[in-house]
Each structure stands twice: as C-alpha cells, then as structure tokens.
Protein chains: 2
Amino acid sequence: MDGLSIGQVARQAGLRPSAIRYYESIAVLPSPRRVDGQRRYDRTVLDRLAFIQIAQRLGFTLTEIQLLFHNREEDAPLSERWRGLASRKLAEVETLIDQALGVRRMLTRGLRCGCADLLGCIDCVIANCDSPPGPTAPGHRAKMRGKTPASGT
Amino acid sequence: MDGLSIGQVARQAGLRPSAIRYYESIAVLPSPRRVDGQRRYDRTVLDRLAFIQIAQRLGFTLTEIQLLFHNREEDAPLSERWRGLASRKLAEVETLIDQALGVRRMLTRGLRCGCADLLGCIDCVIANCDSPPGPTAPGHRAKMRGKTPASGT
DNA sequence: CCTTGACTTCAAGTCGACTTGAGCCTGTAG
DNA sequence: CTACAGGCTCAAGTCGACTTGAAGTCAAGG
C-alpha cells in the first residue's frame with residue numbers, strides 16, 4: 001500500500017487516531033493527501049510525531065509547537081520569529097534540564113537515604129545530608145529557587 | 001507577624017492564592033494552622049511549593065506528587081510504596097533528561113543552521129548536517145524514537 | 001462610620017488536550 | 001449478501017489544573 005493509514009501511524013506513534021486528527025485540526029500536522037477520502041501519510045510524519053511528543057513532555061504547548069513548525073507562513077520576517085521562539089525555548093529547556101538533574105539527585109538520594117517519604121527527603125536533601133530524617137542540619141536552605149516570575153495580570 | 005499569610009506565600013512562590021487553596025483542597029499541601037480563620041504558613045511551605053512546581057514541569061501530576069508526599073499514611077508497607085513510585089519516577093526523569101538533551105541539540109543546531117523553521121531543521125538535524133535546508137542528505141533518518149509504548153485500551 | 005484590602009467558602013467556569021458518540025461510507029472475508 | 005473492520009465528520013464530553021464570582025468576615029485608616 002502506498003502510504004500509511006491513520007491507524008498505522010497511530011499505532012507506530014503510540015497514539016490514537018483521534019489524536020492525530022486533532023493535531024491536524026489545529027494545524028500541528030499538515031493535512032495529508034487522501035485516497036478515497038482516507039488520509040495517507042508518509043513516514044516522515046513519524047519523526048514529526050516523535051518530536052511533538054517529546055516537546056510536549058518538555059512543557060511545550062501544542063500552540064508553541066505549531067509555531068515552531070510553520071512560522072514561515074504569514075508575513076513574519078521569515079526565520080526571525082522562529083529564532084526568537086526557538087532561543088526562548090532553548091533557554092527553557094536548559095533550565096528544565098537543570099531542574100531535572102536536581103530532581104534526579106533528590107530521588108536518588110531519597111531512595112538511598114532512610115526517609116519514609118519526600119517530606120523527610122526534601123529537608124534531608126536540602127540539608128545535603130545522606131542520612132535519615134535526622135533532627136536537622138543547619139541553615140543552607142533555599143537552593144533550587146529559579147522559576148520564571150511571569151504570570152502577568 | 002507570626003507566619004506567612006496565603007498572599008505572602010503566593011507572592012513568593014509566584015502563584016495565586018487560589019492555587020494554594022486548591023493544592024490544600026487536594027491534599028498536596030497540608031492544611032496549615034489558622035489565626036482568626038486565616039491560614040498561617042511557615043517558610044518550609046516554600047520548599048514544598050518549589051518542589052511541586054519543578055515536579056510538575058517534569059510531568060508529574062498533582063496526584064503523583066501527592067502520593068510522593070504522604071505515602072506514609074494508609075496501611076502501605078511504609079516506605080515500600082514510596083520507593084516503588086519514586087524509582088519509577090526516577091526512570092521517567094532520566095529518559096526525560098535524555099530527551100531534553102536531544103531537543104537542546106536540535107534547537108541549538110537549528111539556531112546555528114540556516115533552516116527557516118523546524119520542518120527543515122528536523123530533517124537537517126536527523127541527517128546530522130550542519131548546513132542549510134539543502135535538497136536532502138541521504139538516508140539515515142529515524143533516530144530519536146524512544147517512547148514508552150504504553151497507552152493501553 | 002464606612003470604606004478598603006486581604007482573607008474566608010463554595011460553586012461554577014475556563015483552558016488545553018484529547019476522547020467519545022452518532023451517523024455515515026467502503027472494501028474485504030465468510 | 002451481510003458482517004465487520006477500518007475510515008470519515010462534527011458536536012459534545014472529559015480530565016487535570018486552576019481561576020473566577022458571589023457572598024461574607026475582619027482589622028486598619030481616613
């Protein structure tokens with residue numbers, strides 16, 4: 001058969017057909033050619049979907065992803081806006097990576113130390129101790145505070 | 001004043017008071033003591049909130065976070081369930097980090113190369129080229145396929 | 001005194017990301 | 001021929017995570 005059906009694509013991407021139709025409806029995926037009214041995709045769509053899924057996990061909204069994809073449309077100064085968005089997102093991804101490394105540390109430590117839950121572990125990890133939920137090591141708290149202040153009006 | 005008001009906490013955490021009340025209502029935050037009917041927090045709540053925000057960005061749901069926090073309740077074999085959840089999450093965080101590194105590469109390359117948008121860049125990056133959206137470097141596509149198949153019935 | 005601002009509760013609304021359902025068409029297998 | 005597995009559209013429903021609105025309490029200040 002010449003091209004993938006929506007079902008095949010869905011299966012290979014780990015999605016439901018409805019999700020793919022939805023992506024198309026919001027222009028995150030291009031509308032593919034039709035054979036007899038049915039969508040036919042080529043394999044490159046799988047790369048797109050893979051990227052979309054990862055980007056989503058990284059906190060991109062579908063709207064942002066859509067912008068990343070075809071910013072060329074419109075009268076925008078061609079790649080200019082893309083670069084803006086992309087570099088902003090790059091920064092976000094970098095801080096996300098930092099934070100993820102932090103959480104990884106937290107979880108690894110948490111699993112190694114004796115805490116019964118994160119409540120203990122947070123203090124424990126913040127205090128940089130490797131040991132049980134002990135009384136409390138002194139003051140160097142507040143470390144991973146680094147969010148976007150944002151959230152206007 | 002003895003303890004932080006909900007407004008102060010919200011401001012410092014970059015949230016709205018309503019979000020904090022919401023967290024309390026779903027038991028992600030413990031119900032704090034009240035003075036004259038009003039909530040009074042101590043500063044440790046800020047650490048909790050910082051953790052919550054990061055965990056959310058990493059894809060944890062509030063429900064999961066709630067479980068991470070007080071798994072000690074209930075008849076669960078104490079830290080056992082916590083460890084289960086935590087190590088599952090640890091694995092997720094690790095693959096997330098990998099993927100984030102991948103996306104970072106993609107964005108950096110994209111910004112360095114001449115592509116007008118991600119459509120070009122995806123191919124470009126997958127093809128591992130450093131150059132413009134050229135005709136197409138040959139066949140080594142499909143690289144970053146590594147998701148959880150998941151998504152049952 | 002009365003307004004203002006910050007707080008309270010509770011119900012309902014919103015937004016993003018899908019899913020589900022109704023009603024229809026179509027190609028293949030028994 | 002009929003059944004059944006897909007596919008199609010479009011509208012409505014769902015879920016998580018909050019926000020908003022209505023209606024009320026309370027303390028400080030002009």
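Since we're looking at a predicted model, the values are computed, not measured. Chain letters run A, B, ... following the sequence lines, proteins first and then strands; every chain starts at 1.
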According to side-chain contact (heavy atoms from CB on, under 4.5 Å), who are the partners of A:T108, at least two apart in sequence or on a separate chain? A:R104, B:L90
Could you list all N or O pairs between the protein and nucleotides 4-8 of chain C that sit under 3.5 Å apart?
unit_1	atom_1	unit_2	atom_2	d
C:dC7	OP1	B:S5	OG	2.8
C:dC7	OP1	B:G7	N	3.0
C:dT8	OP1	B:R39	N	3.1
C:dT8	OP1	B:R39	NH1	2.5
C:dT8	OP2	B:R21	NE	2.8
C:dT8	OP2	B:R21	NH2	2.6
C:dT8	OP2	B:R39	NH1	3.4
C:dT8	O5'	B:R39	NH1	3.3

By side-chain contact (heavy atoms from CB on, under 4.5 Å), which residues pair with A:A10, not counting sequence neighbours? A:P17, A:I20
What integer distance in Å separates B:E24:CD from C:dC10:P? 11 Å
Only counting residues at least two apart or in another chain, list the ones meeting side-chain hydrogen bond (donor to acceptor under 3.5 Å, both in side chains) with A:D98. none
Set out, line by line, the N/O atom pairs under 3.5 Å between protein and nucleotides 15-18 of chain D.
unit_1	atom_1	unit_2	atom_2	d
D:dA17	OP1	B:L62	N	3.1
D:dA17	OP2	B:L62	N	3.4
D:dC18	OP2	B:Y23	OH	3.0
D:dC18	OP2	B:Q56	NE2	2.6

Partners of B:A55 by side-chain contact (heavy atoms from CB on, under 4.5 Å), sequence neighbours excluded? B:F51, B:F60, B:I65
Salt bridge (charged side-chain N to carboxylate O under 4.0 Å, His left out) with B:E24: which residues, sequence neighbours excluded? B:R34, B:R39
Test of understanding: with side-chain hydrogen bond (donor to acceptor under 3.5 Å, both in side chains), list the residues that count as partners of A:Q38, not counting sequence neighbours. A:R40
Just so I know, are the side chains of B:L96 and A:R57 near enough to count as touching, which here means a heavy-atom distance under 4.5 Å? yes
For A:R11, check side-chain contact (heavy atoms from CB on, under 4.5 Å) against everything at least two apart and list the hits. A:Q8
